[in-house]
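These notes concern the structure reproduced below.
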2 protein chains.
Amino acid sequence: MTPRKTDFPLDQCRCHLETGPIVLVGSQWQTERNLMVMGWHMMLGFTPAHFGCLITAANHSHRLVRESRECTINIPTLELADAVVGVGNSDGDALDKFDAFGLTPASGKIVSAPLVEECYASFECRLVDDSQIDRHELFIWEIVKAHVDTSIDLPRTLHYRGHGRFMVAGDEIDRSADFRVQNL
Amino acid sequence: MTPRKTDFPLDQCRCHLETGPIVLVGSQWQTERNLMVMGWHMMLGFTPAHFGCLITAANHSHRLVRESRECTINIPTLELADAVVGVGNSDGDALDKFDAFGLTPASGKIVSAPLVEECYASFECRLVDDSQIDRHELFIWEIVKAHVDTSIDLPRTLHYRGHGRFMVAGDEIDRSADFRVQNL
């Protein structure tokens, strides 16, 4: 079933990205588009919502996001595992990954890079700091628009453990009663 | 039960950190030591095993790791949730967090910062790039020694969702049969 995503507050993006799921990076430059699977990322700020990720020069997406200075970050869940494994094990210069793995490109509000319709959360990003690309292959983005299906309270996200194994997000524990208010 | 950690290959650290668990950062500078909970981190390389994390200047640990240029990264699991919540909701300048929350400091092989005995995985880190601390509060470390209890195949790590809620690591799916060999 296609998620029903609506506008989501930028300063809350961490609630979906801090848990460390693998994500699908959407990119577009001129007539080329691509998707890649990526697990090396982190939040770098609440407001603005800064986000860092590593995309090596060996990835077809590297040139596309570097030239366009845009991308989308899309969070898949367990039912998309086949597509995730397919995207991660094919070459963007040899095929269109949306077509090949049954994913639907959707238009963003701000960036030209495609969102992934089937993902429950999608974030539009603009490059704000390119200074660490050559040194660490680290792209630093500002999330400028967030789309989340908030009806999905416990998304079964995928977390990569290496060697073809994924941890699937499990139960939740709510310890908010033990938190200081300013830490919530 | 105390984990039985042994030497672990540095180029495999990603298997434990890439899933995005919250970690306990151990620090020591002169006579001061501290622990903090941290969820904004990412792998930045296999060999050397580079790792980035955000530690704001508001954290008591910031000065300790900046001065000592060392830290330890320790991964707790579900049975340590009380200690994690305690560490995350107290001040390192007001109490010793090891004593206060029943955690045992252990000696590293290379760095002076304390490891957390009760965590199933601990990594000794040296600062290799301080250039992004002032700009992004981003510390870039090299993991120089890794200790993991490999008898724990599916660690029930904690992944922060904000607002006092943690996702607990769930089941695993093994898709290695669908991976290209070079991607494993």
Side-chain angles (χ1 to χ4, degrees), chain A residues 12-22 37 39-45 50 52-54 78 81-82 84-86 88-90 129 131-132 135-138 140 154-180 182-184, chain B residues 12-22 37 39-45 50 52-54 78 81-82 84-86 88-90 129 131-132 135-138 140 154-180 182-184:
Chain A
Q12 298 293 310
C13 290
R14 68 89 66 98
C15 299
H16 298 281
L17 290 164
E18 181 172 339
T19 59
I22 55 105
V37 183
W40 289 17
H41 61 74
M42 68 186 285
M43 291 302 303
L44 284 166
H50 282 171
C53 76
L54 191 141
L78 181 58
D82 285 347
V84 166
V85 174
N89 287 278
S90 57
D129 183 352
S131 69
Q132 300 308 303
R135 188 164 184 180
H136 294 292
E137 300 182 306
L138 176 63
I140 299 177
L154 298 174
R156 300 206 72 196
T157 46
L158 302 168
H159 301 252
Y160 194 56
R161 304 188 69 209
H163 309 289
R165 299 161 67 192
F166 298 84
M167 178 271 280
V168 182
D171 296 337
E172 181 175 278
I173 55 171
D174 183 344
R175 297 299 299 263
S176 55
D178 304 314
F179 271 55
R180 294 193 292 203
Q182 66 269 32
N183 289 356
L184 284 172
Chain B
Q12 299 293 309
C13 291
R14 68 90 66 98
C15 298
H16 298 282
L17 290 164
E18 181 172 341
T19 59
I22 54 104
V37 182
W40 290 16
H41 61 73
M42 68 186 285
M43 292 301 303
L44 284 166
H50 282 169
C53 76
L54 191 141
L78 180 59
D82 286 347
V84 165
V85 173
N89 287 279
S90 57
D129 183 351
S131 69
Q132 300 307 303
R135 187 163 184 182
H136 294 292
E137 299 180 308
L138 176 63
I140 299 178
L154 297 174
R156 300 204 73 196
T157 46
L158 302 168
H159 301 251
Y160 195 55
R161 304 188 68 209
H163 308 290
R165 300 163 66 193
F166 297 85
M167 179 271 280
V168 182
D171 297 336
E172 180 176 279
I173 56 171
D174 183 345
R175 297 298 300 261
S176 56
D178 304 314
F179 270 57
R180 294 193 292 202
Q182 67 268 32
N183 289 357
L184 285 171

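Order of the sequence lines fixes the chain letters, A, B, ..., with proteins taken first and strands second; residue numbering starts at 1 for each chain.
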Contact class of A/Leu138 relative to chain B, heavy atoms under 4.5 angstrom
side chain

Measure distances from A/Gln12 to the heavy atoms of chain B and classify the residue's part below 4.5 Å as side chain, backbone, both or neither.
side chain

Angle between ring planes, A/His50 versus B/His136, binned at 30° and 60°: parallel, tilted or perpendicular?
perpendicular

Contacting region of A/Leu17 [heavy-atom separation from chain B under 4.5 Å]:
neither

Between B/Thr19 and A/His159, what is the shortest heavy-atom contact and its length?
O-ND1, 3.0 Å

If you count heavy-atom pairs within less than 4.5 Å of chain A, which of B/Cys15, B/Pro21, B/Gly88, B/Gly86 leads?
B/Cys15

For B/Asp171, does the CG atom sit with more than 12 other heavy atoms under 6.0 Å from it, leaving out its own atoms?
no

Heavy atoms of B/Trp40 and A/Leu44 approach each other most closely as CZ3-C, 3.6 Å

So which of A/Glu18, A/His16, A/Glu172 actually passes side chain to side chain donor-acceptor pair (under 3.5 Å) with B/Arg161?
A/Glu172

Given heavy-atom pairs under 4.5 angstrom as the criterion, report whether the side chain, backbone, both or neither of A/Ala177 touches chain B.
neither

Distance in Å, A/Met167 CE paired with B/Arg156 CZ, rounded so as to fall on 0.5 Å steps:
10.5 Å

Which atom pair, heavy atoms only, marks the closest approach of A/Arg175 to B/Ala81?
NH1-CB, 3.8 Å

Checking A/Arg180 now: which residues fulfil side chain to side chain contact (heavy atoms under 4.5 Å, CB included) with it, not counting sequence neighbours?
A/Gln182, A/Asn183, B/Asn89, B/Asp91

I need the residue from B/Leu78, B/Asp82, B/Thr157 with the largest number of non-hydrogen atom pairs under 4.5 Å to chain A.
B/Asp82

Considering only heavy atoms, which portion of A/Ser131 lies under 4.5 Å from any heavy atom of chain B: side chain, backbone, both, or neither?
side chain

Is chain B contacted by the side chain of A/His41, its backbone, both, or neither, given a heavy-atom distance below 4.5 Å?
backbone

What is the minimum heavy-atom distance between B/Met43 and A/Leu54, and which atoms define it?
O-CD1, 4.4 Å

Counting heavy-atom pairs under 4.5 Å with chain B, the top scorer among A/Asp178, A/Ile173, A/Val84 is A/Ile173

I'd like to know which of A/Gly52, A/Ser176, A/Cys53 tops the heavy-atom pair count under 4.5 Å against chain B.
A/Ser176

